[in-house]
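One structure is given here, and the rest of the page talks about it.
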Amino acid sequence: MDFSSHILQWYQFERRDFPWRSTKNAYKVWLSEIILQQTRTSQGLNYYLKFTEAFPTVQDLAEASENEVLKLWQGLGYYSRARNLHHSAKFIHQELKGVFPNSYKELLKLKGVGPYTAAAISSICFKEVQAAVDGNVYRVLSRVFDVETAINSSKGISQFQTLASQLVSQTDPGDYNQALMDLGATICTPKNPKCSLCPTESMCLARARNIITERPVKIKGIKIKERYLNYFCLEHDGKFLMKKRTENDIWKNLYDFPLHESNHTSLEDTMTSLGELVTPFDENAFNHIWTKHYTHKLSHQKLSIFIHHVQINTPLVGKKWLSLNREEVMDLPVPKPIEKFFEELLNPLDNKK
Ligand code: SF4
């Protein structure tokens, strides 16, 4: 039996049941693929259900406002994926007259759809013979075939794509791709793979050579940038000063408070920026209530976030600022630490540090 037959046979009995697996609706499969990128399935499931309920068709998603889409996405991170999803839904609705692209080549034209997603959708929904190569697939193939090339090098990416294209099932590419992803997620895991339950154990070279922990090979060295964000939550009479983030940075198009960023943090730094911020107000007209600290990790950044809650005794005004009550803020998409901050604001018993 060849590699793909082993995988497909195993999948018949071991497949995981998810709502997106009981449909060939390309819109829903696309939603699931975008949501599940770099997200645990258990977390992604919740978001998939929320999105399909709020936007059952691509037209519903296209007609939603960006705020609605980002709000539903809130907490999942990688907000550019949500913006691209929305952009592509509008493109399909307006430019393609609502007809979802039905081939690998056409899917690749959608913003936010790369080779992996296009291969997954076209193989699952349209039976196109395309190999979807994600992190799970890299791991399984590097172990079974003992590939030494680094998976994050350009040589590795092309070598693994060629190998995967040679292996993909010609008769059932959709199930084959999903089977390989499941195998990587449940059996051939990064740590402690369950080799005794693996359908390809008999042909796995890394197992035979006892080098499983050395595969896949990855070039190290992605530098994590540290950032220090001082947020000022200015409140007057139950209203908060907020603005939309428009820069090409993290959390684009989400809403946050007045911000001072530095490459280090100190109390002096914080108080200087607070002083600058409240200059338009009477200097005795503010009262610093409490400060909360959050650490937030992104793929390439570690954020140290201080949110200073300050009450102002004069009304909040400013051309580029919005003055919003708590309910209005809750309707807007906000970064996860600001969401947490507001949750703690509602629980005054444990919000003082
Ligand atoms: S035998 Fe073990 S290392 Fe090899 S593919 Fe299966 S689970 Fe992974």
Side-chain angles (χ1 to χ4, degrees), residues 1-18 20-21 32-33 36-45 114-124 127-222 299:
M1 217 192 304
D2 63 6
F3 179 76
S4 75
S5 306
H6 276 293
I7 299 284
L8 281 168
Q9 195 180 59
W10 172 82
Y11 189 63
Q12 269 182 19
F13 303 102
E14 302 296 336
R15 60 179 282 157
R16 294 181 294 171
D17 276 326
F18 297 116
W20 53 87
R21 290 217 168 138
S32 73
E33 289 297 338
L36 291 170
Q37 284 167 21
Q38 291 153 313
T39 306
R40 275 177 290 121
T41 320
S42 53
Q43 189 194 13
L45 174 61
Y116 163 79
T117 309
I121 301 169
S122 62
S123 64
I124 294 168
K127 278 204 154 209
E128 193 172 325
V129 180
Q130 293 288 346
V133 187
D134 73 346
N136 287 321
V137 176
Y138 278 123
R139 189 166 56 255
V140 175
L141 297 187
S142 71
R143 287 173 174 173
V144 174
F145 298 95
D146 189 15
V147 183
E148 284 180 67
T149 319
I151 58 171
N152 54 346
S153 64
S154 48
K155 187 177 167 204
I157 291 166
S158 115
Q159 192 175 334
F160 276 93
Q161 189 64 53
T162 305
L163 176 61
S165 303
Q166 288 162 354
L167 296 168
V168 63
S169 165
Q170 301 295 306
T171 52
D172 212 343
D175 272 3
Y176 167 85
N177 280 330
Q178 291 177 98
L180 210 47
M181 290 172 211
D182 272 14
L183 186 68
T186 61
I187 303 287
C188 192
T189 46
K191 286 184 185 153
N192 306 319
K194 303 174 190 73
C195 299
S196 59
L197 301 175
C198 178
T200 59
E201 186 189 12
S202 62
M203 59 171 67
C204 180
L205 294 178
R207 170 112 165 120
R209 293 169 185 168
N210 201 19
I211 50 165
I212 293 171
T213 53
E214 293 164 39
R215 299 288 175 270
V217 174
K218 209 170 178 184
I219 302 166
K220 292 200 183 77
I222 295 172
S299 56

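Just so it is clear, the structure is predicted and the values come from calculations on it, not from any experiment. As the structure lists them, so they are numbered: ligands from 1, and atoms in each ligand from 1.
A donor-acceptor pair shorter than 3.5 Å can be found between the side chains of Gln37 and Thr117. Ser122 and Gln130 share no side-chain donor-acceptor pair at under 3.5 Å.
Between Val140 and Phe145 the shortest side-chain heavy-atom distance does not fall below 4.5 Å. Contact annotation: the side chain of Ser4 never approaches that of Leu167 to less than 4.5 Å [non-hydrogen atoms, C-beta and beyond].
Pairs passing the ring-ring contact (aromatic ring centres under 6.0 Å, His included) check and including a residue from residues 159-189, sequence neighbours excluded, read Tyr138-Phe160.
Of all protein N/O/S atoms, those lying under 2.8 Å from atom 6 (Fe) of ligand 1 come to 1.
Panel note: side chain Asn152, backbone Ile219; a donor-acceptor pair is recorded below 3.5 Å.
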